[in-house]
*Asks:* 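I am attaching a structure below and will ask some questions about it afterwards.
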Amino acid sequence: MTDTRFDPSTADGRWQSAWDAAGTFVADSNSAKPKSYILEMFPYPSGRIHMGHVRNYTMGDVLARYKKMRGYEVLHPMGWDAFGMPAENAAMEKKVHPGEWTRANIAGMKAQLQRIGFALDWTREFATCDPEYYGHEQALFLDMFAAGLVYRRSSEVNWDPVDMTVLANEQVIDGKGWRSGAAVEKRKLDQWFLKITDFAQDLLSGLDALKDWPEKVRLMQENWIGKSQGLEFSFELSNGEKLPVYTTRPDTIFGASFCAIAADHPIAQGLAGDNAVAAFIEQCKRGGTTAAELETAEKLGFDTGITARHPFTGAALPVFIANFVLMDYGTGAVMGVPGHDQRDFEFATKYALPIRRVVASDPSQAEAPMGDAAEAGDGVIVNSGFLDGKSVEDAKAEVIARAENGGWGQGKTVWRLRDWGVSRQRYWGTPIPFIHCLNENGACGIVPVPKDQLPVTLPEDVDFEVPGNPLERHPTWKHTTCPQCGSEARRETDTLDTFTNSSWYFLRFASQPADRPFDPDEIAKWMPVQHYIGGIEHAILHLLYARFWTRALAHIGKFDVKEPFAALFTQGMVTHETYSLGDGSWLSPDEVRKDGADWVAIEDGAPVMAGRVTKMSKSKKNVVDPDAIMADYGADAVRWFMLSDSPPERDLPWSASGIEGCGRFVQRLWRLFQQLDPSATGEDKALARKAHQTIVAAAQDIEALGFNKAVARIYELTGATEKAAPSASRNFAITTLMHLVSPMMPHLAEEAWAQAGNSGLIADAPWPEHDPAMLVEDEVTIAVQHMGKLRDTLTAPKGASKETLEALALASENVQRSIDGAAIRKVIVVPDRLVNIVT
RNA sequence: GCGGGUGUGGCGGAAUGGUAGACGCCGGGGACUUAAAAUCCCCUGAGCUUUGCUCGUGCGGGUUCGAGUCCCGCCACCCGCACCA
């Protein structure tokens with residue numbers, strides 16, 4: 001027996017080369033095996049792989065390797081979400097071309113991923129900034145245009161004054177740009193849009209079928225799509241105009257006591273000549289939009305003096321300009337029903353408007369006084385003329401029917417989801433393949449680039465000396481001729497939102513013909529993705545856009561796939577301790593030590609405060625570099641750490657002692673693997689049984705993505721095997737362990753496999769078979785309780801009769817002492833588990 | 001405010017209504033060693049009058065022979081959304 005250590009610094013690279021040379025992880029779409037497409041969200045090539053990537057990709061890797069062992073042909077690809085603003089920022093700061101910067105990052109990060117030994121099919125690698133990729137994207141965009149799913153319109157856009165670009169609604173957070181953090185301004189620009197709203201209902205309905213998506217993500221998408229059903233109708237105003245409003249509660253229409261319009265509503269704007277009105281509008285716009293501000297913001301209104309005629313009662317309702325009404329939802333105007341809407345209630349209270357009950361728990365409560373809040377709940381309609389006695393549901397239908405018959409309103413579904421503005425005034429993105437014809441007769445207008453002229457490639461010679469779009473000011477790039485009439489023309493200089501790139505990349509991984517974006521037959525073989533793994537931060541944007549593109553492409557006949565991702569898993573973050581000096585500066589966890597109960601800086605003994613355990617970030621100096629860890633412990637220890645302890649959907653706290661423990665376990669397994677003893681004979685039934693049980697349990701755990709549980713079981717089997725005396729069973733347990741850890745610690749497993757004299761790669765070996773007969777214990781431990789409290793345990797043969805167990809239990813000294821002569825009223829026996837004696 | 005999640009030892013966490021704390025980390029003790037590293041063994045929820053007993057899964061109730069698990073009512077923290085009519 002040797003006492004050599006496993007040396008990852010040589011072994012890791014050796015096996016990575018072996019897999020590479022053998023093409024072990026190259027997916028064969030012509031294979032007769034069942035297919036399994038395992039995908040992790042591809043990274044943005046920002047510079048370095050971080051621990052979050054390592055965790056994400058390790059989970060996917062274990063699944064991919066496991067599926068391969070179970071006889072699947074596995075597609076597990078990797079590529080680069082390579083367009084985006086950081087590349088342009090780098091270009092501005094470091095005077096490097098965005099493409100050069102991106103390519104260098106990709107090379108570095110690819111080497112890092114390879115160093116970790118991921119089972120990836122690198123033959124399918126691409127970056128979204130490859131002209132080949134974005135050329136196909138342009139073709140798909142033109143197809144969608146031809147199908148009426150792309151349009152152009154002038155619209156008020158969210159303009160980020162720092163990044164000098166347009167942001168989608170989704171990219172505006174609390175009125176600030178999601179990336180720059182600058183306050184977003186409104187500007188009118190001609191923009192390209194994708195008609196995601198055409199699919200609003202389908203995207204919503206489709207969520208129900210996504211059983212293997214987290215409930216949380218489905219809810220977030222549901223809320224984002226934001227379907228509401230109600231009535232749109234117009235009030236006749238005292239000034240002769242009409243005021244369209246939208247309500248989801250037409251049943252409460254008799255409770256309306258005022259109308260409120262947004263500050264930027266046309267009627268309000270029409271009154272802005274009045275100084276008082278103008279001042280009020282200005283005041284509304286100043287209000288903050290953060291959660292805290294909105295919660296505490298007082299409801300403010302300005303009585304316009306105009307009144308609105310109630311469609312049923314004819315009552316004259318005052319029309320207010322109000323700060324809580326939004327112009328961009330519904331019609332920008334509401335009917336105020338204070339009794340049954342909290343905002344309206346607050347407003348009515350402030351301005352002494354009538355608060356009328358029109359819904360009650362039952363008709364006898366019609367005159368019950370209102371409390372100090374609106375009642376939004378269900379009930380029966382009261383004080384509402386012909387609606388009295390109806391349920392809320394029936395009353396809604398009745399009012400909508402009357403409005404439609406009377407021609408003054410109609411039932412309407414309103415969506416929160418808006419069409420997706422994809423124009424970006426940036427260089428580093430997919431050029432939008434259109435040409436603006438400058439012919440003076442204007443007949444051509446905006447013309448699609450003919451497909452045989454794709455890709456429209458980005459110019460290489462660009463400068464980033466001034467903010468704004470380098471394509472716009474490039475000396476020659478935008479000048480071209482009209483494909484239709486041949487006259488002078490100008491290229492579209494907007495590029496596509498980078499979320500477009502990630503909306504179909506999974507299709508290109510599955511199939512990459514040179515002349516088309518993808519081949520439908522190949523798509524049919526691999527799609528949908530069986531397991532999609534990534535961060536929760538993409539719960540709305542990326543996942544909704546990808547679902548939309550898949551539907552849109554299916555809609556125009558590209559293939560027959562509806563949902564791109566059959567199962568979604570959102571993994572937790574990798575976190576680490578933080579230590580602050582109290583002045584806003586931070587120390588890295590390896591720069592501090594514990595001094596009694598306190599933390600101090602190692603360097604100068606200065607007192608340090610332990611902060612929260614948070615996501616690794618440069619600003620808090622709690623980042624751990626994967627390369628450094630791999631240099632110390634090897635890839636397998638890091639992979640093992642990523643899978644251990646924390647359930648994968650929760651955060652994983654990094655710790656130095658934790659990785660050390662993983663490093664120790666790698667060596668412990670290595671020592672055990674060397675104890676295979678061909679001369680050993682004889683059966684160790686208990687150990688063999690444990691090995692068979694672990695084969696089954698670990699498989700179940702991996703399939704449920706319960707990696708931490710699979711890890712715990714492997715620890716248990718390892719411990720039991722170590723303790724066992726040499727036997728044929730022990731050899732079996734050792735070989736079993738080699739297989740069970742091979743998806744998780746593939747380098748160690750290969751090394752041990754080869755050292756044990758096996759030919760071929762363990763990566764190609766199947767998951768071990770289990771013997772069902774060996775799963776059953778022949779002896780079980782029975783818990784013995786008195787009044788539900790544990791008093792003793794006893795060993796009995798599996799399947800012992802109730803009578804036997806009861807007798808054994810009553811024979812226990814501890815039990816008899818506890819019973820203390822009391823009369824036994826009942827004995828509950830759960831076969832093979834417990835006996836509970838009730839007195 | 002609405003929606004969702006989480007709450008179990010010093011820490012990460014296990015546990016089809018049936019022996020709470022598997023497994024890992026930390027810590028303590030011991031073996032080996034001149035010594036250290038490495039490795040191995042033992043202990044490790046709290047308390048007590050210690051063959052054993054009591055308490056213990058955020059808090060308060062309930063259902064049950066039996067509750068971390070089911071039901072009702074709270075609390076705390078985290079995440080998402082938001083004056084969405």
Side-chain angles (χ1 to χ4, degrees), chain A residues 3 5 174 214-220 222-224 226-228 230-232 245-249 252 260 262 287 289-291 293-295 297-299 322-326 328-337 341-344 346-347 376 414-416 536-537 539-540 575 612-613 640-641 644-647 649-662 664-665 667-668 671 706 708-719 722-723 781-793 813-814 817-818 825-830 832-839:
Chain A
D3 61 358
R5 292 169 62 79
D174 292 343
E215 178 71 17
K216 178 191 175 85
V217 174
R218 295 192 311 206
L219 269 165
M220 284 166 77
E222 187 179 321
N223 291 336
W224 190 263
K227 181 180 186 176
S228 74
L231 170 70
E232 186 175 316
V245 298
Y246 175 72
T247 176
T248 55
R249 294 295 303 272
T252 64
T289 54
T290 65
E293 283 170 315
L294 290 175
E295 217 167 295
E298 194 180 359
K299 302 282 178 287
N323 65 343
F324 67 92
V325 181
L326 305 174
D328 61 357
Y329 187 80
T331 62
V334 300
M335 66 170 189
V337 183
D341 180 282
Q342 184 58 26
R343 290 156 309 173
D344 297 348
E346 289 169 31
F347 190 83
V414 170
W415 303 87
R416 187 181 178 279
I536 186 72
E537 67 273 18
I540 299 174
T575 60
R612 280 174 174 272
V613 178
W640 189 250
F641 185 98
S644 302
D645 296 352
S646 288
E649 68 278 9
R650 287 208 217 161
D651 289 350
L652 172 68
W654 178 265
S655 75
S657 55
I659 185 66
E660 262 173 55
C662 293
R664 275 200 299 272
F665 185 60
Q667 298 301 337
R668 197 175 141 197
R671 285 191 299 275
N708 57 323
K709 292 185 220 171
V711 161
R713 293 187 201 282
I714 288 170
Y715 271 118
E716 282 189 66
L717 180 57
T718 301
E722 284 170 334
K723 285 182 180 68
T781 305
I782 306 288
V784 184
Q785 299 178 338
H786 172 219
M787 302 300 284
K789 282 187 191 293
L790 184 72
R791 292 303 173 204
D792 204 354
T793 59
E813 222 178 281
N814 289 347
R817 186 172 342 104
S818 181
R825 289 193 292 137
K826 197 175 174 185
V827 178
I828 287 144
V829 182
V830 182
D832 297 334
R833 291 220 77 126
L834 66 64
V835 179
N836 187 16
I837 294 153
V838 184
T839 57

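Here is the naming used below: chain letters follow the sequence lines, and residue numbers restart at 1 for every chain.
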*Asks:* Given atom CH2 of A:Trp654 and atom C1' of B:G24, what is their separation to the nearest angstrom?
*Replies:*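 Whole-Å distance recorded here is 15 Å.
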*Asks:* Please determine, for the side chain of A:Pro647, which listed nucleotide (B:U19, B:A14, B:A85) has the closest atom?
*Replies:*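 Minimum distance to the A:Pro647 side chain belongs to B:A14.
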*Asks:* Would you kindly give the CD-to-P distance between A:Glu660 and B:U39, to the nearest whole Å?
*Replies:*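 So the CD-P distance, A:Glu660 to B:U39, works out to 10 Å.
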*Asks:* Which of these nucleotides, B:A20, B:C84, B:C26, is closest to any side-chain atom of A:Arg664?
*Replies:*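 Nucleotide nearest to A:Arg664's side chain: B:C26.
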*Asks:* With the threshold set at 4.0 Å, does a side-chain nitrogen-carboxylate oxygen contact exist between A:Glu716 and A:Arg713?
*Replies:*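 Between A:Arg713 and A:Glu716 there is no salt bridge, as every charged N stays at least 4.0 Å from the carboxylate O atoms.
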*Asks:* Measure CD1/A:Ile659 against P/B:G24 and give the value in whole Å, please.
*Replies:*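 So the CD1-P distance, A:Ile659 to B:G24, works out to 16 Å.
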*Asks:* Check every atom of B:U51, B:U16, B:A20 against the side chain of A:Arg833 and return the nucleotide holding the closest atom.
*Replies:*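 Side chain of A:Arg833 sits closest to B:U16.
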*Asks:* Judged by each residue's nearest nucleotide on RNA chain B, which is more toward the 5′ side, A:Ile837 or A:Thr781?
*Replies:*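 It is A:Thr781 whose nearest nucleotide is closer to the 5' end.
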*Asks:* Between the side-chain atoms of A:Lys709 and the base atoms of B:C23, is any donor-acceptor pair under 3.5 Å?
*Replies:*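 No pair found.
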*Asks:* Measure from the side-chain heavy atoms of A:Arg612 and tell me the nearest of B:C77, B:G4, B:C65.
*Replies:*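 Closest of the options to the side chain of A:Arg612: B:C77.
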*Asks:* Would you sketch RNA chain B in dot-bracket for me? Only Watson-Crick or G-U wobble pairs with both distances under 3.5 Å count, crossing pairs as [ ], other-strand pairs as |, the rest as dots.
*Replies:* (((((((..(((.....[....))).(((((.......))))).((((...))))..(((((..]....))))))))))))....
*Asks:* Take the protein atom CE of A:Met335 and the nucleotide atom C1' of B:A85, then report the distance between them rounded to whole Å.
*Replies:*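 From A:Met335 CE to B:A85 C1': 9 Å.
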*Asks:* Using whole Å, report how far OH of A:Tyr715 lies from C1' of B:G12.
*Replies:*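 Rounded to whole Å, this separation is 12 Å.
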*Asks:* May I have the distance from A:Trp640 (atom CH2) to B:C23 (atom P), rounded to whole angstrom?
*Replies:*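 Going from A:Trp640 (CH2) to B:C23 (P), I get 14 Å.
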*Asks:* Where does the angle between the aromatic ring planes of A:Trp640 and A:Tyr715 fall among parallel (under 30°), tilted (30 to 60°) and perpendicular (over 60°)?
*Replies:*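 If you compare the ring of A:Trp640 with that of A:Tyr715, the planes turn out perpendicular.
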